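Reckoned from all heavy atoms, side chains included, excluding hydrogens, waters and symmetry mates. The structure presented is a predicted model; accordingly, all values stated were derived computationally and were not measured. Throughout, protein chains are lettered first and strands after them, A, B, ... in sequence-line order, and every chain is numbered starting at 1.
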Amino acid sequence: MTGHPRRRRSATPEDLAQIHWLQRLAPEDRAWAAARVQVHDLAPHDVLCVFGDQPTHWYGTLHGLLKLSNDSRDGLPITYAGLPTSGWFGEGTLIKLEPYRYNVSALRASTVGSLPVADFHHLLDVSLEFNRFLMAQINERLGQFMAARVTDRMRNPEIRVARSLLALFNPVLYPTVDAFFQITQQELAYLIGIPRQRINEALQQLAVKGVVELGYGGVRVLDTGLLSAVAAAPLR
DNA sequence: GCATTAACACGTA
DNA sequence: TACGTGTTAATGC
């Protein structure tokens, strides 16, 4: 429960193939970075980062689903973002060298990659490609958070669910997300901030429209085009 | 009135 | 058996 994940191992070739920013680097930088990446296996509810901790690594979801939130210290628990497969996070904290302002925990069994903070800064110093990648990522994330502010003010659960699903399928931030998204309706409820019953209702509305297909413990997005259409227009 | 919360039965892994 | 889903009932604003 506390501090850092228990099971740490070195990265397998399959793990490294999941790390999309590695492919962007020049070959020598790629080899250098790949040798320094470590991998952690998390059980559901395992905590990766805690509010107030000094950051030691840059993290990414290789498999599974993480939640970035500020648990109920005082006031309402707020989930800032879900981090699906291929999502990397914490660069803002690392660049500022400030303590974490949020908690990160696993919503389900997950595999996490990590790069030590010193190595992260080394790549910043030597690799133009790495800087380009980070700039695109930060830019995309900024857009997502601005959109999320709008979404949070909306009443219609169907649109909120559609937009949240769309955010999790962002191809820039999360290039290798599966079409079948393994997330329970309860987890979506925590993520979006509305009760499970209304998540269920909204998902069924989306299913009727052929946007998604509901499965046990997950959602299959059938048509991302339709999904963005629903997210954009409050059609009943 | 409504939206949220609690409680239930059922199906699935 | 434990968990996730879908529905209904109760509660709070």
Nearest whole angstrom, please: distance from the C1' of C:dC3 to the CZ of A:Arg108.
->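 In whole Å, C:dC3 C1' and A:Arg108 CZ are 15 Å from each other.
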With Watson-Crick and G-U wobble geometry limited to distances under 3.5 Å, how should the secondary structure of DNA chain B be encoded in dot-bracket form, using | for bases paired to another strand and [ ] for crossing pairs?
-> |||||||||||||
Not counting sequence neighbours, which residues clear salt bridge (Lys or Arg N to Asp or Glu O under 4.0 Å) with A:Arg141? List them please.
->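 Checked A:Arg141 against salt bridge (Lys or Arg N to Asp or Glu O under 4.0 Å); matches are A:Glu91.
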Side chains of A:Ser105 and A:Leu48 in contact at under 4.5 Å (non-hydrogen atoms) |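 No; the side chains remain at least 4.5 Å from each other.
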ring-ring contact (aromatic ring centres under 6.0 Å, His included) with A:Tyr102: which residues, sequence neighbours excluded?
->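 A:Tyr102: ring-ring contact (aromatic ring centres under 6.0 Å, His included) contacts with A:Tyr100.
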Check ring-ring contact (aromatic ring centres under 6.0 Å, His included) between A:Phe169 and all other residues, then give those that pass, not counting sequence neighbours.
->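 A:Phe169: ring-ring contact (aromatic ring centres under 6.0 Å, His included) contacts with A:Phe181.
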Per-nucleotide protein contact string for nucleotides 4-13 of chain C, where B marks a base within reach and S marks sugar-phosphate only (heavy atoms under 4.0 Å, - for neither) | SBBBB-----
So A:Glu14 and A:Thr12, side chain to side chain donor-acceptor pair (under 3.5 Å) or not? Walk me through it.
-> CA-CA 5 Å; A:Glu14 292 74 31; A:Thr12 66; 3.3 Å; yes
Check whether more than 12 heavy atoms from other residues, nucleotides or ligands sit under 6.0 Å from atom CZ of A:Arg9, and answer yes or no.
->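 Result for CZ/A:Arg9: enclosed.
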Of all the heavy-atom pairs spanning A:Val117 and A:Leu97, show the shortest one and how long it is.
->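 Reported closest heavy-atom pair: CG2-CD2, 4.3 Å.
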Looking only at non-hydrogen atoms, find the nearest pair between A:Lys209 and A:Leu226 and report the distance.
->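 Smallest heavy-atom distance, with atoms named: O-CD1, 3.7 Å.
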Provide the start and end nucleotides, 5' to 3', of the part of DNA chain B that has atoms under 4.0 Å from heavy atoms of chain A.
->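 For DNA chain B, the relevant span reads B:dT4 to B:dA13.
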What's the verdict on side chain to side chain donor-acceptor pair (under 3.5 Å) for A:His40 and A:Thr111, showing C-alpha distance, side-chain angles and the deciding distance?
-> CA-CA 6 Å; A:His40 319 258; A:Thr111 306; over 6 Å; no
Could you check A:His57 against A:Phe120 for ring-ring contact (aromatic ring centres under 6.0 Å, His included), going step by step and ending with a plain yes or no?
-> CA-CA 8 Å; A:His57 294 78; A:Phe120 174 86; over 10 Å; no
